[in-house]
Amino acid sequence: MIEIPKAYEPQSVEAKWYQFWLDQGCFTADPGRVSERRPAYSIVIPPPNVTGVLTLGHVLNNTIQDILARKARMDGKEVLWLPGTDHAGIATQNVVEKTLKKAGEIRHRDDLGRDDLVERIWQWKEKYGGIILQQLRALGASCDWSRTRFTMDPEYSRCVQNVFVDLHRKGLIYRGKRMVNWCPASLTALSDEEVIMKEQKGSMYHFRVEVAEKPGTFLTIATTRPETIPADTAVAVNPKDPRYQHLIGCHVYRALPVETPKEQRRIPIIADEHVDFEFGTGVLKVTPAHDKADYEIGLRHGLPVIDLLTPDGRLTAEAGPELSGLDRFVGRKKAAEILEAAGALAAVEPYSNNVGFSERADVPIEPRLSEQWFLKYPSVQEAKACVAEGNLRFFPDRWAKVYDHWLNGIQDWCISRQLWWGHRIPVWYRKGGTEIHVDLEPPADVANWEQDPDVLDTWFSSWLWPFATMGWTGDRSVDAQNPALRAFYPTTDLVTGPDIIFFWVARMIMAGYEYCGDMPFRNVYFTGIIRDKQGRKMSKSLGNSPDPLDLIAKYGADALRFGVMRAAPLGQDVLFDEQSVELGRNFCNKLWNACRFRQMQGGAMEGEIHPDLLTSDDRWILIRLDQAVREVTQAFADYKFSDATATLYRFFWSEYCDWYVEASKAALVRPEGVVRTPQQEALAANKLAVMDLVLGSLLRLFHPFLPFISEELWHGMGFHQDLPEDRGGKTLLSASWPKPFTTEERDYFGLDDTADRVAQAKYDLITLGRGLRRDCKIDPAKRVKFVLRPSGELPAAEAEVIRLLLNAETLEVTPGFAPPKGTPMAANPLGELFLPLEGLVDVAAERARLGKELEKVRAEIAKVEAKLSNPAFTEKVPAKVLEEHRQRLLDWQAKERQVLSSLENLSS
RNA sequence: GCGAGGUUAGCUCAGUGGUAGAGCACUUGCUUCACACGCAAGGGGUCGCAGGUUCGAAACCUGCACCUCGCACCA
């Protein structure tokens with residue numbers, strides 16, 4: 001720091017240090033260094049989609065991971081933060097297909113064919129797939145980039161196929177024709193977790209059907225989906241429903257398609273417990289092909305299945321000529337019109353119901369019967385037990401309940417996807433035969449076989465992330481010798497959003513037990529969701545989602561990190577406001593200037609602290625530093641990062657800058673031409689030594705949150721100079737985390753309650769004195785005279801601090817001072833502070849203020865007296881609390897006397 | 001319907017039985033030789049509502065209201 005600019009300029013500083021850390025290999029994890037004295041700390045990144053760009057959600061998530069990783073390094077651990085991306089099957093294939101269509105290269109993916117399209121996606125991935133990881137570097141993420149993984153790396157892919165083959169061999173993976181969630185936009189099956197229920201405003205259509213055996217008798221049926229009537233193969237009633245019991249076994253004529261001869265539209269009236277006779281008319285149309293519950297009914301009663309929807313959600317010829325070819329929603333309206341024209345529509349009423357939507361494509365899904373691969377989850381009991389027994393901990397722990405609840409009700413996982421981009425299912429079918437081949441390698445005579453065209457769900461690869469990224473092979477003897485797995489598995493912490501607790505977290509835990517025999521991580525920190533100021537989710541369409549890189553360019557990465565962390569309490573959503581980043585920037589600037597101030601004082605760095613030269617201010621700031629170290633360290637242990645930032649903010653700004661630095665000027669600032677005595681020199685040097693201790697500790701405490709500016713100042717101030725290479729000499733990143741003072745150190749420096757109280761009383765008196773100045777409307781620039789009548793001994797150095805911070809010309813310390821009548825006065829345990837009148841004082845204003853003060857004091861006295869005069873209170877309360885209250889009464893009474901005498905002084 | 005979380009200053013939130021707090025915003029005044037991305041002094045809250053337990057409740061218990069989010073779901 002040769003030339004120190006007045007304001008901190010993050011741009012060049014951040015780029016410089018990130019490159020330095022990379023060049024020095026600071027982020028590289030070496031399993032060989034792990035030992036009992038140097039424990040491992042590891043964390044795997046939740047792999048962002050390879051299509052993704054950095055969002056504020058990523059900022060929150062990865063800042064927390066970086067904070068944890070940096071803190072662990074300072075704790076002397078061998079740290080692995082493993083980065084990477086996942087291939088995001090549907091999203092990536094969509095993006096590339098869309099791009100190619102836009103460029104006019106293809107109209108449909110079939111124009112290219114499977115191999116060529118996959119090739120194009122790879123090209124696209126090579127070109128754009130690293131963007132988000134590059135962006136993380138701007139944030140300061142200390143990932144071990146040499147271990148960057150991608151879920152479709154050859155080794156990783158092999159893990160995925162390996163696991164498929166193994167689970168198949170164990171009988172947990174099977175193929176079957178089932179009702180699945182079908183996405184008509186992406187043209188693939190989805191898992192239950194990828195379907196989100198949304199309330200939809202639609203209509204309930206009531207239509208009539210005639211009972212075949214009893215002409216003239218009609219049943220009214222309520223439905224939200226009249227377009228599926230042509231696929232009805234029964235109507236069902238509850239067997240206990242007296243209204244319809246007599247009709248069970250009869251038939252009705254299905255209402256659509258009207259063109260079909262009546263007799264061909266006969267469908268049975270069946271009895272099924274599933275039907276709720278409270279709901280609607282108590283008569284249910286049964287459409288086994290297009291509803292999960294109806295499919296079950298169909299199975300129970302052996303009903304035929306009529307499929308009338310194409311994969312992309314249009315009606316087939318089964319729906320009749322008028323509906324055929326229509327989109328399902330267009331068909332719905334048309335079906336209602338046809339019913340109305342036929343006189344079969346009894347009523348249409350507005351109706352709200354929940355409809356499953358494809359999470360990714362945001363269109364209603366269709367329950368659809370199709371042949372898919374399913375997984376019966378492995379190691380469920382272990383996964384449940386480790387969380388229930390508290391071996392694997394969730395922060396906040398309420399998620400444990402959500403997790404347990406989900407595990408208790410899980411259905412088999414549909415893992416096949418009708419896509420081209422992803423891990424192809426390692427299954428071959430013999431052409432013209434029934435034989436199947438499930439293996440990592442294709443059959444020898446592969447020409448006679450056909451490989452399953454589907455790929456696996458992306459989550460079926462990311463659930464292996466914690467160990468597949470570390471070179472797991474599935475061969476026990478090989479894996480037992482794998483240094484990375486041995487050192488870093490199980491990982492220590494996982495940081496992720498609660499929205500993927502089922503998708504990812506739960507499944508990783510099961511995979512961890514199944515394939516490594518242990519949990520994949522010990523702690524899971526669930527972040528909140530980033531919202532805008534009004535509490536709305538960030539979204540592209542709302543345009544309320546600022547680009548983090550813009551924010552970094554404007555305010556600096558440290559500012560963004562600090563702002564976000566300050567606003568993100570554990571377990572709560574984060575309402576993001578650019579103002580909080582601005583606050584982060586201001587904070588960095590304050591830190592910069594605090595160090596600049598120290599720098600301008602010159603003198604030796606980190607001199608020895610002589611206890612006999614410590615003033616009450618010095619002792620006070622050391623006590624506060626000790627407190628701050630304890631609080632921040634505890635906050636880390638509890639994963640309460642916003643508590644840590646709050647403590648740092650308070651200590652650095654409100655305690656160190658506002659009081660300590662200001663007070664230190666009494667000893668440090670030398671008026672021109674004045675030569676300091678050797679004693680004054682020694683005091684000043686001692687103060688600088690205290691400052692250096694505080695600043696050196698502060699930079700360490702700040703480092704996990706503000707890695708760039710702290711590193712810049714660490715070097716600029718020269719804190720690195722006398723430290724060992726690997727403990728802060730080379731970089732702050734590996735400096736040791738500050739420890740609270742030991743009892744010996746506290747004794748040595750004289751850090752006791754008295755020191756704390758004296759300084760506190762001094763600052764209190766200064767605030768009171770400033771109040772006098774204001775009440776008396778004295779220009780802040782005017783250097784007035786104060787007189788202090790001390791209640792005890794007051795060293796000259798202490799008095800000088802008071803004088804300076806009151807901006808007083810002089811402060812007379814006069815034990816027997818007798819003020820003239822009308823002199824404004826403020827008092828506290830340290831003494832009475834007078835502002836002698838010079839004909840300028842606004843007596844009325846001061847009297848008004850004191851009157852208000854007196855009122856307040858007396859109210860407090862009344863409150864305490866009321867308590868103390870209550871026998872129930874004095875008899876039952878613990879002695880300590882009683883004593884506290886008695887002391888409180890004395891304090892308030894003293895205050896009352898002080899205010900009264902101030903008032904008396906005023907009256908002339 | 002079941003479950004979880006929330007309701008404290010204008011805003012965002014701390015506060016696990018004993019004197020209601022912080023930051024921001026607001027008001028007033030200040031180019032005080034680290035910082036106007038700053039300094040100083042202020043104003044501002046019947047702690048969602050109603051009961052209960054207790055000498056004492058923002059905190060513990062019960063009920064209610066409202067807001068969020070999961071899970072399930074009836075056509």
Side-chain angles (χ1 to χ4, degrees), chain A residues 4 6-8 196-197 204-205 221-225 228 235-236 274-287 291 293-294 351 353-354 396 398-399 401-402 405-406 409 498-499 501-502 529 531 533 535 555 559 566-569 571-577 579-580 582-601 640 642-643 645-646 649-650 653-654 657-658 661-662 665 669 672 767 770-775 777 779-781 783 804-805 807 849 860 863-864 867 870-878 880-882 884-885 888 891-892:
Chain A
I4 319 169
K6 257 172 91 163
Y8 174 56
I196 43 174
M197 301 305 271
M204 181 68 90
Y205 302 87
I221 305 176
T223 182
T224 54
R225 303 197 62 183
T228 65
V235 297
H274 170 77
V275 181
D276 176 358
F277 47 87
E278 301 282 313
F279 190 89
T281 59
V283 185
L284 171 69
K285 70 194 254 324
V286 183
T287 326
D291 184 280
D294 290 6
Y351 188 72
N353 64 338
N354 285 326
R398 66 183 134 93
W399 292 106
K401 214 167 183 174
V402 176
H405 182 251
W406 183 76
D499 49 333
I501 184 171
F502 311 137
I529 294 165
R531 298 170 179 279
K533 264 207 287 210
Y555 299 105
R566 229 181 66 86
Q572 301 233 21
D573 286 354
V574 184
L575 299 200
F576 180 83
D577 184 352
Q579 218 174 34
S580 63
E582 197 179 322
L583 180 133
R585 187 229 12 214
N586 296 353
F587 190 80
C588 290
N589 189 56
K590 186 81 176 173
L591 177 60
W592 180 258
N593 275 287
C595 288
R596 184 161 164 255
F597 174 78
R598 166 62 189 92
Q599 194 79 343
M600 288 164 78
Q601 304 310 313
K640 290 185 172 176
S642 62
D643 283 14
T645 55
Y649 194 102
R650 184 204 68 219
W653 201 309
S654 309
C657 290
D658 286 353
V661 171
E662 292 307 321
K665 289 176 181 172
V669 172
E672 249 174 82
T767 301
R770 287 168 175 169
L772 286 184
R773 286 190 71 124
R774 172 193 156 104
D775 293 330
K777 299 210 160 68
D779 192 307
R783 319 282 311 270
L804 182 78
L805 297 194
N807 193 26
R849 186 187 70 84
E860 291 297 337
K863 254 165 49 182
V864 185
K867 275 186 166 186
N870 179 359
F873 177 77
T874 50
E875 281 159 26
K876 291 193 178 178
V877 95
K880 198 182 149 202
V881 174
L882 185 61
E884 251 171 45
H885 278 75
R888 196 187 303 163
D891 290 348
W892 283 120

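Throughout, protein chains are lettered first and strands after them, A, B, ... in sequence-line order, and every chain is numbered starting at 1. Fair warning: this is a prediction, and the values are worked out from it, not measured in the lab.
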Handout entry: Under 3.5 Å donor-acceptor, A/Asn593 side chain and A/Lys6 backbone
Key = yes
Completion exercise
Regarding the side chain of A/Ser654, the nearest nucleotide among B/U28, B/A75, B/G23 is B/G23
Handout entry: Pairwise 5' ranking along RNA chain B for A/Lys867 and A/Lys640, keeping only the more 5' one
Key = A/Lys640
Fill in the blank from the handout: Picking from B/A41, B/G23, B/A34, the nucleotide nearest the side-chain atoms of A/Glu662 would be B/A34
Problem - Rounded distance [0.5 Å steps], CG in A/Leu882 versus CZ in A/Phe873 - result: 6.0 Å
Handout entry: Any N/O donor-acceptor pair, A/Asn589 side-chain to B/C35 base, under 3.5 Å
Key = no
Fill in the blank from the handout: From CG of A/Leu805 across to P of B/A40 the rounded distance in Å is 10 Å
Exercise for the section: For A/Phe587, check ring-ring contact (aromatic ring centres under 6.0 Å, His included) against everything at least two apart and list the hits. Expected result: A/Phe562, A/Tyr649, A/Phe652, A/Phe702
Handout entry: Qualifying residue, where the test is side-chain contact (heavy atoms from CB on, under 4.5 Å) with A/Ile529 and the options are A/Asp573, A/Asp499, A/Val574
Key = A/Asp573
Handout entry: Under 4.0 angstrom between A/Arg398 side-chain N/O and B/G5 OP1 or OP2
Key = no
Practice task
Look at the aromatic rings of A/Trp592 and A/Tyr8 and report parallel, tilted or perpendicular, splitting at 30° and 60°.
Solution key: tilted
Handout entry: 5' precedence on RNA chain B between A/Glu278 and A/Cys657 (nearest-nucleotide basis)
Key = A/Cys657
Handout entry: Nearest-angstrom distance, P atom, B/G18 to B/A57
Key = 11 Å
Fill in the blank from the handout: Separation between OH (A/Tyr555) and CG (A/Asn589), nearest 0.5 Å, reads 13.5 Å
Exercise for the section: Taking A/Arg773 for its side chain and A/Asn807 for its backbone only, find out whether a donor-acceptor pair lies under 3.5 Å. Expected result: yes
Fill in the blank from the handout: A/Ile501 CD1 to B/G5 C1', in whole Å, measures 14 Å
Problem - Span that lies between the P atom of B/G42 and that of B/A36, in whole angstrom - result: 24 Å
Problem - Counter-base of B/A14, judged by Watson-Crick or G-U geometry with both distances under 3.5 Å - result: none
Practice task
Would you indicate whether the side-chain heavy atoms of A/Lys285 and A/Thr228 approach each other to under 4.5 Å?
Solution key: yes
Practice task
Please measure how far the C1' atom in B/A14 lies from the corresponding atom in B/A59, and state the result in whole Å.
Solution key: 13 Å
Exercise for the section: Starting at atom OH of A/Tyr649, determine the distance to atom C1' of B/C37, rounded to an integer number of angstrom. Expected result: 11 Å
Completion exercise
From CG of A/Leu882 across to P of B/G18 the rounded distance in Å is 16 Å
Practice task
Using whole Å, report how far CZ of A/Phe587 lies from P of B/A22.
Solution key: 17 Å
Handout entry: C1' atoms of B/G10 and B/A72, separation to the nearest Å
Key = 40 Å
Problem - C1'-based separation of B/U27 from B/A34 [nearest Å] - result: 27 Å
Completion exercise
Given protein heavy atoms under 4.0 Å, the one-letter contact record of nucleotides 9-14 of chain B, with B base, S sugar-phosphate only and - none, is simply ---SSS
Practice task
Using the P atom on both, measure B/U32 against B/U7 and round to a whole Å.
Solution key: 43 Å
Practice task
Taking atom P in both B/U19 and B/C11, compute the distance separating them and give it to the nearest angstrom.
Solution key: 26 Å
Handout entry: Interatomic distance at C1', B/C73 relative to B/G3, whole Å
Key = 15 Å
